[in-house]
2 protein chains.
Amino acid sequence: MTGTKRTREGSGRVKLEAVASAANVSTATVSRVFNEPDKVSEAIRERVKEAARALNWIPNAAGRALASSRTHIAGAIIPTLDNEIFAHQIGGMQAVFSNAGFTLFLGCSNYDPLEGLRQAEAMLARGVEAIALVGENHPAELFAALKARDIPYVVTYSYSKLSEHPCIGFDNRAAFIRMTDHLLALGHRRFAGIFQPVANNDRVAARLAGVRDALAAADLAMADENLLVGPSTLEFGAESFSHLMTREREVRPTAIVCGNDNIALGALMAANALGLKAPTDFSITGFDDLAISSRFAPGLTTMKVDNQSIGTSAANQLLAVVTGRQAGPQSEEVAPVLQIRDSSGRWPQDRA
Amino acid sequence: MTGTKRTREGSGRVKLEAVASAANVSTATVSRVFNEPDKVSEAIRERVKEAARALNWIPNAAGRALASSRTHIAGAIIPTLDNEIFAHQIGGMQAVFSNAGFTLFLGCSNYDPLEGLRQAEAMLARGVEAIALVGENHPAELFAALKARDIPYVVTYSYSKLSEHPCIGFDNRAAFIRMTDHLLALGHRRFAGIFQPVANNDRVAARLAGVRDALAAADLAMADENLLVGPSTLEFGAESFSHLMTREREVRPTAIVCGNDNIALGALMAANALGLKAPTDFSITGFDDLAISSRFAPGLTTMKVDNQSIGTSAANQLLAVVTGRQAGPQSEEVAPVLQIRDSSGRWPQDRA
DNA sequence: CTGAAAGCGCTTACAG
DNA sequence: CTGAAAGCGCTTACAG
């Protein structure tokens with residue numbers, strides 16, 4: 001029945017309409033003052049701004065989003081904040097987005113691709129305009145959903161010229177080839193590895209492949225019993241080290257490649273406890289260059305990546321697309337820098 | 001002129017209306033199937049779900065938010081993700097919220113209250129239903145805005161019975177009284193402190209007050225030149241330690257209270273470099289109980305706080321309010337646990 | 001430069 | 001249990 005009275009709650013907040021009547025203009029004009037100020041005469045512009053300020057009006061983003069299809073929201077999906085690497089990326093992204101008037105949704109998959117998908121879908125439903133994803137290990141549905149809606153995205157921490165996705169990061173395989181070559185050049189021939197789980201983690205898989213490829217190129221291989229895989233904790237690093245290095249000297253590895261610094265630091269702690277010293281008794285390497293790695297005794301040989309700048313680059317690329325300055329996000333390779341310290345040395349050691 | 005044709009872009013996405021016609025029901029019914037399923041007969045319910053799935057419909061949150069005044073978005077404002085303490089809180093919150101169908105906005109103030117306010121306002125404009133804030137050091141406007149809109153909030157990491165805000169955390173002052181009392185009981189009388197900046201950080205201010213109050217209760221005081229304030233880095237901890245401990249033995253502090261573990265670990269590294277050993281030559285304490293603190297040599301005496309559970313509690317309290325199960329968030333005190341390790345010992349040392 | 005009004009995609013009070 | 005339609009708070013194509 002037309003004309004029936006309806007009672008709706010509403011938000012109870014000051015709305016644009018109130019500003020319009022206070023300033024004696026139409027709602028269209030108020031909207032323009034904030035979205036296309038050049039199209040409004042200065043006198044009216046000031047009057048409207050004054051009214052908005054006086055009424056303490058905060059625009060309702062839902063109304064705005066519905067009318068304009070723009071939400072000024074971006075999203076990021078990372079595995080976990082427990083790894084400071086990802087925390088730094090998010091910190092970088094957050095700063096850039098916030099500065100551009102974007103608010104950031106954060107999702108953590110805990111290395112479960114389906115959980116990542118679920119959270120990405122929640123973000124899509126809430127209208128994110130762009131999204132950053134760590135790594136390429138996501139369900140095909142996720143990439144399909146992004147493409148179907150034409151939502152710009154970038155993959156971070158993985159980089160490959162051959163990737164079908166725009167990516168900002170480094171070539172994990174190449175980095176670990178470089179690290180392994182460093183140890184080979186020092187004379188090491190018996191290698192061991194202590195790594196995080198490879199499942200659902202394309203970055204770790206690539207790192208391990210790098211070690212294997214570099215060894216194969218030198219006609220070497222890592223013995224199966226020398227590859228230990230487990231959680232990325234100091235504890236696992238320490239246990240693994242003890243396991244590897246309490247065997248007879250003749251069969252022990254001389255070089256231990258760790259999947260990251262945290263594992264390597266745990267191993268170094270176990271070494272201290274066992275009275276084994278690097279680089280005299282063994283060499284060991286990490287990846288990440290945590291703050292503590294350079295100050296630890298011995299200093300840890302590792303590779304440094306500027307994770308925060310991966311985050312800022314990713315955010316800047318996404319903003320460039322969202323604001324129409326660019327057609328699509330551009331890939332960017334960030335080179336990890338090898339930091340050679342006392343934890344790696346010649347083998348056999350020259351004892352002076 | 002009524003009846004004029006208008007062309008609007010629209011999102012180009014599948015919308016609820018399409019699901020309704022595919023399932024041969026009204027839009028109201030489709031909405032009910034997902035929001036109040038009990039009100040729809042099972043046959044129709046299944047038909048609608050089937051149609052939604054077939055069309056791959058994802059509800060538009062802006063439309064939903066506008067119509068229902070609910071966004072299913074929560075927000076958190078922290079100082080920085082660079083501190084793993086806050087990263088863990090966010091990790092905990094993210095998991096709980098995501099599980100309840102809420103997506104999380106993340107804002108970082110970098111210890112600037114105005115930046116925190118700015119980001120909180122952006123979240124309010126986007127309709128957050130609840131918000132968590134680290135500490136009480138926020139502009140009065142921020143709390144006023146939350147109250148004016150009736151947005152439930154909790155303060156984290158600070159706890160005080162006297163607080164005018166709901167808070168989930170611990171009493172920083174009491175924790176540092178406890179730590180200082182531990183050192184006093186061991187026989188220490190000459191104290192030094194290495195702390196993060198107090199400005200805009202009510203937690204650090206309370207920690208320092210705790211040290212001072214505990215000393216005053218023992219008729220002691222910390223000499224001005226023994227309090228060093230600077231960035232929360234290993235470097236600052238190391239420099240400060242050297243500065244304090246390269247003076248003559250007669251004037252040096254015997255106990256050094258650090259504002260957190262990171263600073264204390266830096267100090268311990270400098271001690272190793274200088275050939276000074278705890279607890280023989282000095283005692284030192286931290287706060288946080290980082291993963292590395294128990295495994296370091298010597299083990300660091302510190303206090304452990306379950307930061308992740310602060311995050312999950314905060315999220316659960318906010319959800320309870322938002323879903324109407326509770327009128328307001330309840331405060332919760334989380335007790336830090338003193339972890340006594342080898343970095344603190346009797347003074348003067350009994351040398352066996 | 002400015003305004004009247006349609007429309008964005010949902011929810012929900014009302015009627016049946 | 002189901003539907004017709006008003007309404008949430010904005011933006012913007014159109015007209016002037």
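The structure presented is a predicted model; accordingly, all values stated were derived computationally and were not measured. Chain A is the first sequence line, chain B the second, and so forth, proteins listed ahead of strands; every chain is numbered from 1.
As a whole-Å value, the separation of Arg149(B) CZ from dG9(D) P is 12 Å. Protein atom CZ of Arg126(A) is 23 Å distant from nucleotide atom P of dC8(C), rounded to whole Å. Distance Leu16(A) CG to dC8(D) P: 14 Å, rounded to the nearest Å. Rounded to whole Å, atom C1' of dG9(C) lies 19 Å from atom CZ of Arg70(A). With rounding to whole Å, Asn60(B) atom CG is found 5 Å from dG9(C) atom C1'.
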Worked verdict on Ile151(A) versus Glu129(A) for side chain to side chain contact (heavy atoms under 4.5 Å, CB included): CA-CA 6 Å; Ile151(A) 305 287; Glu129(A) 295 189 38; over 6 Å; no
Stepwise side chain to side chain contact (heavy atoms under 4.5 Å, CB included) test for Val40(A) and Val25(A): CA-CA 11 Å; Val40(A) 182; Val25(A) 295; over 6 Å; no
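Consecutive Watson-Crick or G-U pairs involving DNA chain D, each under 3.5 Å on both distances, make up stems of three or more pairs at C:1-3 with D:14-16, C:5-12 with D:5-12, C:14-16 with D:1-3.
Within the 4.0 Å cut-off from OP1 or OP2 of dC8(C), not a single side-chain nitrogen or oxygen of Ser68(A) is found. The side chain of Arg64(B) places no N or O atom within less than 4.0 Å of a non-bridging phosphate oxygen (OP1 or OP2) of dG9(C).
Across the interface with DNA chain D, nearest-nucleotide mapping of Glu17(A) and Ser41(B) shows Ser41(B) to be the residue nearer the 5′ end. Between Lys39(B) and Gly63(B), the residue anchored closer to the 5' end of DNA chain D is Lys39(B), taking for each the nucleotide with the nearest heavy atom.
In the model, Thr29(A) has a side-chain atom that pairs as donor or acceptor with a side-chain atom of Ser26(A) under 3.5 Å. Under the 3.5 Å distance criterion, with hydrogens and angles disregarded, no donor-acceptor pair is assigned to the side chains of Ser158(B) and Arg203(B).
Ion pairing of Arg45(B) with Glu42(B) is absent here, as no side-chain N (NZ or NE/NH1/NH2) approaches a carboxylate O to less than 4.0 Å. A salt bridge links Glu115(B) with Arg118(B): the distance from a Lys NZ or Arg NE/NH1/NH2 to an Asp or Glu carboxylate oxygen falls below 4.0 Å.
Within the nucleic acid shown, Lys15(B) comes within 4.0 Å of sugar-phosphate atoms alone, with no base atom in reach, counting heavy atoms only.
Of the residues in residues 42-53 of chain B, those with a non-hydrogen atom less than 4.0 angstrom from any atom of DNA chain D are Ile44(B). The stretch residues 18-38 of chain A touches DNA chain D through Thr27(A), Ala28(A), Ser31(A), Arg32(A), Asn35(A), each having a heavy atom within less than 4.0 Å of the strand.
A heavy-atom distance below 4.5 Å is not found between the side chains of Thr103(A) and Thr71(A).
Applying the ring-ring contact (aromatic ring centres under 6.0 Å, His included) rule to pairs touching residues 105-132 of chain B yields Phe105(A)-Phe105(B), sequence neighbours excluded. Pairs passing the ring-ring contact (aromatic ring centres under 6.0 Å, His included) check and including a residue from residues 23-46 of chain A, sequence neighbours excluded, read Phe34(A)-Trp57(A).
Note on ring orientation: taking the six-membered ring where Trp is involved, the planes of Phe143(A) and His138(A) are perpendicular (angle over 60°, cut-offs 30° and 60°).
Applying the side-chain contact (heavy atoms from CB on, under 4.5 Å) test to Glu121(A) and every residue at least two apart in sequence or in another chain returns Leu117(A).
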